[in-house]
Amino acid sequence: LLDLIISDAKIYDGSSRPYYYGDVGISGSMIRYVGAASGMKAKRRISAAGRVLAPGFIDMHSHSDTTILVNPSADSKIRQGVTTEIIGNCGNSLAPLAGPALEHLDSHLDGYGLSREWTSVREYLNIVCRSRPAVNIAMVAGHGTIRRAVLGNENKTPTPSQMAGMKKLLIEALQDGAYGMSTGLIYPPGFYADTDELVCLATVLQQYAGLFVSHIRGEGPTLIEAVREIIEIGEKTGASVHISHHKATGQPHWGKVKNTLAMIDDARRRWVDISGDVYPYRATNTLLQTFLPRWVHEGGVKVMLEKLQDNDVRYQLVERLRGADTYQIKWENIMLAHTRKGCNGHLEGKNLAEIANIRQVEAAELVIDLICEEEGTASVIIQSMCEEDIEEVLKHHTMMIGSDGSCLTLDGPLGQGNPHPRNYGTFPRVLAEYSRKRGIISLESAINKMSFMSAKRLGLQDRGLIMPGFKADLVLLDYDHVCDMATYEDPKRYPRGIDTVIVNGTAVIDEGEMTGSRSGTVLRRGSEAK
Ligand SMILES: [Zn+2]
Ligand SMILES: [Zn+2]
């Protein structure tokens, strides 16, 4: 007797092969049967007639590290059909911790009313597991986190013993279940690392078959060199490398992804194992102080805020921010998304030109003011990409889907601010806009990029395919009507057309309703070096 049969489904099995009609039988957390289950009995039967059955979506690039602890029901992801999130991206994970990384993280957690009960990846994953997440969680360890643990927020090259310390933390993280390491090479302290340091750590990843995931050193003027660096790291070490949220930002650089995708193809011809992911939006979302030069970030956020109190420093930075050619981005294209500290909530959702006008200050001054008032926590949404590039990257055979967002909720502490719509709409948007409406990629390919391709890339053994022996992570959707509803103006809206979401055999959304089940688990990489 099976627990559940989903009958007459149009099955897109995740492999990118053409769909077929069939029944899927589930018992416990596993898919037991795929085919015509006419004679089989089950405790429950769902008729999928007219609907698409796909593997649960895998969010290849997530930032739910903290929010999954605040709200384990992971609403904004589950509603998109996401059943597994890969966290720890852009160089920033919540473990492993040591030294100066402890204080840095504690002040971050303070902002969420959380207290830290871990230092290692193993302990952190145990805490996530104990919170009973609705989605499955897998993580990569952040290079920034590891570097901060050993070198603090300093602009230094590691000594041999510091390098050994970083390697040790990375090895422990991999043994504790991390699937690889991420970098954030535009963020402190990641951007202080030179290529040699990254090569050194990628060598460890190669030995442990972990993935080198990279927010690369630049996505605008230095995009080409930044991609070249990742290829070099893959080529020198033999590690599998992966470019996060691949894009070209700033109008003068639009179209350059044609070059970078050609570089990726070329590298693959030379046996470099390289891939990437993409989100389907024209805007980025990051902290406001990303606009400040590296030296300002040296020493950490507290030190940065002190520096900004200095009139000479301030003058110098305002001058720099005025330089139109530095960013090629107009103030009206930068929206204040989220504030935490000050009383600037009423300004969320407005662009910096509007806010400057309200306050009667120059926009360049406003940037510094907001960084100070919000103590470095203000985030912005920047319109900086073009559709042609998104389509180009999405089509590429090495590119998967990652939201670059975190699990949020409509209300409560995670319902504040004006978040990027990608937190609510990434996966349905790819299906509705890029597959159904524009025909940029087939539905088979879209689902493959959201499931098996990512599972295979990370080495998630039994996820991402609708096949007997695989875990029953499943999404039932109405392809003709699936639609992302989240917009920049009105981002906190769940998508339509995602009917049923099953995580490890249990329905978390059942015919449109959240069941309250939290059947996700923590996924850990096998611990041996290869
Ligand atoms: Zn990033
Ligand atoms: Zn990211």
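Start at 1 and go down the list; that is how both ligands and their atoms are numbered. In this chain, residues are counted from 1 in sequence order. A quick note: this is a predicted structure, and the numbers were derived from the prediction, not measured.
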For a quick check under 3.5 Å, do D59 and S403 share a side-chain donor-acceptor pair by atom type?
yes
K77 with E85: basic N within carboxylate O range, under 4.0 Å
yes
Here the N/O/S atom of H215 closest to the Zn ion (ligand 1) would be ND1
Thinking salt bridges, do R147 and E197 make one under a 4.0 Å N-O criterion?
yes
With side-chain contact (heavy atoms from CB on, under 4.5 Å) as the test, would you mind laying out the steps for Y187 and T286 before giving the verdict?
CA-CA 10 Å; Y187 299 116; T286 194; 2.9 Å; yes
Of all N, O or S atoms in H245, identify the one at the shortest distance from the Zn ion (ligand 1).
NE2
To make sure I understand the geometry: which N, O or S atom in D404 is closest to the Zn ion (ligand 2)?
OD1
Is any N, O or S atom of C90 under 2.8 Å away from the Zn ion (ligand 1)?
yes
